[in-house]
Visitor: 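My questions will all concern the structure given below.
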Amino acid sequence: MADEKKKPVVIITIGMAGAGKSTFVQRINSYLHSQDPPSPPYVLNLDPAVTHVPYEPNIDIRDTVNYHEVMKEYNLGPNGGILTALNLFTTKFDQVLELVEKRAETVDYVVLDTPGQIEIFTWSASGAIITDAIASSLPTVVAYIIDTPRTTAPATFMSNMLYACSILYKTKLPFILVFNKTDVQPHNFALEWMQDFEAFQAALAAHKGTTDDEGEPTYMHSLMNSMSLVLDEFYRHLTAVGVSSMTGAGIKEFFDAVQAARAEYEKEYLPELERARKAREDQLDAVKQDSMSRMMKDLELDRARNPEIVARDRWDPSQEEDDDADDELDVNIIDRSEERWPGQYIDVTQMRRRDDQGVSWPRPG
Ligand SMILES: Nc1nc2c(ncn2[C@@H]2O[C@H](COP(=O)(O)OP(=O)(O)OP(=O)(O)O)[C@@H](O)[C@H]2O)c(=O)[nH]1
């Protein structure tokens, strides 16, 4: 389509704590800066608890929500604090989207670094809202970062793949398995297990604890055998690349995979998204039509019964309220690259104390 605007690809990096998400984001950031011409990405840090990120994010959740204050304010532990901080940030995500969309024509990639505790993003309402919101406006890809040296045992490998599988089915987005730290442990064993079901079975059988004292397969072994059959189907839907965020090896292959995933987004995800949106709108329309026609019927009956009320029931333009007064937004999402970190630290957790602003965050339910 000729009038279609250029859109960047969003890369959502997800992974277990310590898998190397932040180092990976830094690596792809520097890779894109080193291109000719340089193509700096737009980077968002969504981890409120991280003390240091090795890159300069354009939008940083820590500029908006003070995670320590959230813990104090709501009397929460670290995980509850991170989740609540993410929830508070999500209430402002429309502003984030606006800032991202403003840059859509000048950047090729938007990169999201997610909280270290994977489930806080993958299993929370906020994570789903953020993912859906961004994926419905820009082509989006999930990069699932795996700590390769810690995935060499068949059982750990399978658990990790099952987790990846659950995220794929939850987000339904194009998915890239990123085997990280290949400088320490090459990832060919993983590719072999993914491509050759029998090789994985053999690795499982060779592992200790697969048979009991009588030489019979243990319950766990049988379970893993069956699960690996399920995973065989799952592997067909994804791309795997090996990278070293430390040395930069494999990063070009990662971007080749991102381009292929973008095409997949446009071919499969987008039509599905539009179909779901249309179905939702049609359903809403039908409900609206139905209640409207019932209301009209009730109204007709009522008016027929009370003609004197009908005579008094007239619209009075002087009573119309001025809705525009509330339209101004209190902008507190900061784009560091635009504002050059003006030092206007805005701590949303403190806002409820300022009576003049009248803002009060809801307590988690
Ligand atoms: N050898 C090697 N080490 C790596 C690589 N990538 C990351 N690391 C190391 O792995 C550790 C964890 O990396 P992070 O980037 O902090 O991992 P993370 O997933 O962001 O961790 P959280 O902060 O818990 O979210 C650090 O010590 C990194 O230096 C890699 O490619 N090779």
Side-chain angles (χ1 to χ4, degrees), residues 10-34 41 43-63 65-68 70-71 77-86 89 109-124 126-127 130-131 141-152 156-157 159-161 163-164 166-167 175-191 240-255 257-258:
V10 180
I11 302 169
I12 304 182
T13 50
I14 293 177
M16 304 282 178
K21 291 179 294 296
S22 305
T23 319
F24 175 75
V25 170
Q26 159 56 9
R27 175 55 69 185
I28 58 177
N29 188 20
S30 69
Y31 174 86
L32 291 169
H33 271 90
S34 69
V43 186
L44 277 72
N45 169 42
L46 301 184
D47 189 349
V50 69
T51 46
H52 165 75
V53 279
Y55 51 84
E56 182 64 39
N58 297 80
I59 295 178
D60 193 330
I61 185 171
R62 295 173 301 170
D63 293 338
V65 193
N66 183 331
Y67 148 76
H68 289 288
V70 169
M71 281 170 60
N79 281 347
I82 299 174
L83 182 60
T84 307
L86 190 66
F89 184 75
Y109 297 96
V110 176
V111 183
L112 266 67
D113 192 3
T114 58
Q117 303 303 323
I118 187 169
E119 65 282 2
I120 287 179
F121 191 78
T122 53
W123 293 105
S124 68
S126 295
I130 291 176
T131 307
V141 174
V142 173
Y144 183 70
I145 317 295
I146 299 164
D147 190 332
T148 317
R150 295 179 69 189
T151 317
T152 52
T156 320
F157 177 79
S159 313
N160 219 330
M161 292 302 110
Y163 204 96
S166 68
I167 301 172
F175 206 88
I176 303 172
L177 289 178
V178 181
F179 287 96
N180 190 27
K181 310 193 187 179
T182 50
D183 54 303
V184 179
Q185 167 69 59
H187 70 303
N188 14 14
F189 75 93
L191 293 184
V241 291
V243 305
S244 166
S245 303
M246 207 62 113
T247 67
I251 297 294
K252 185 186 171 306
E253 289 72 17
F254 168 75
F255 277 103
V258 170

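One-based numbering, in listed order, for ligands and for the atoms of each.
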Visitor: Which protein non-hydrogen atom lies closest to atom 18 (P) of ligand 1, naming both residue and atom, and how far is it?
Guide: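 The closest heavy atom on the protein side is Lys21 N, 3.4 Å.
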
Visitor: Is there a polar contact, in the sense of an N or O pair closer than 3.5 Å, between Val243 and ligand 1?
Guide: no

Visitor: My understanding is that we take every heavy atom of each candidate and find the minimum distance to atom 14 (P) of ligand 1. Doing that for Thr23, Asn180, Thr148, which one comes out nearest?
Guide: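 It is Thr23 whose heavy atom sits nearest to atom 14 (P) of ligand 1.
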
Visitor: Can you find a heavy atom in the side chain of Pro41 that is under 4.5 Å from one in the side chain of Asn29?
Guide: yes

Visitor: Mark whether atom 28 (C) of ligand 1 lies under 4.0 angstrom from at least one protein heavy atom.
Guide: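 Looking at atom 28 (C) of ligand 1, one finds that a protein heavy atom does lie closer than 4.0 Å.
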
Visitor: Against ligand 1, does Gly15 come closer than 4.0 Å with any heavy atom?
Guide: no

Visitor: Does Val184 come within less than 4.0 angstrom of ligand 1, counting non-hydrogen atoms of the residue?
Guide: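 Right, Val184 reaches ligand 1.
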
Visitor: Please determine if Phe24 has a nitrogen or oxygen closer than 3.5 Å to a nitrogen or oxygen of ligand 1.
Guide: no

Visitor: Would you check the N or O atoms of Gly18, main chain and side chain alike, for any that come under 3.5 Å of an N or O of ligand 1?
Guide: yes

Visitor: If you count the atoms of ligand 1 from 1 in the order shown, which ones are under 4.0 Å from a heavy atom of Ala17?
Guide: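 Ligand 1 atoms under the 4.0 Å threshold to Ala17: 24 (O).
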
Visitor: Counting distance only, does the side-chain N/O of Thr156 pair as donor-acceptor with the main-chain N or O of Thr151 below 3.5 Å?
Guide: no

Visitor: Please confirm whether the ring centroid of Phe255 lies under 6.0 Å from the ring centroid of Tyr109.
Guide: yes

Visitor: What do you reckon, does Ser22 have a nitrogen or oxygen under 3.5 Å from a nitrogen or oxygen of ligand 1?
Guide: yes

Visitor: Considering the heavy atoms of Ser244, write down every atom of ligand 1 situated less than 4.0 Å from one of them.
Guide: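 So the atoms of ligand 1 that pass are 31 (O).
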
Visitor: Does any N/O atom on Lys181 come nearer than 3.5 Å to any N/O atom on ligand 1?
Guide: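 N/O-N/O distance under 3.5 Å: yes.
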
Visitor: Relative to the heavy atoms of Asp183, which atoms of ligand 1 are at a distance of less than 4.0 Å?
Guide: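 The atoms of ligand 1 under 4.0 Å from a heavy atom of Asp183 are 1 (N), 2 (C), 30 (C), 31 (O), 32 (N).
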
Visitor: Counting only heavy atoms on the protein side, is anything nearer than 4.0 Å to atom 25 (O) of ligand 1?
Guide: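 Flag for atom 25 (O) of ligand 1 set to true, protein heavy atom closer than 4.0 Å.
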
Visitor: For atom 8 (N) of ligand 1, is the nearest protein heavy atom under 4.0 Å away?
Guide: yes

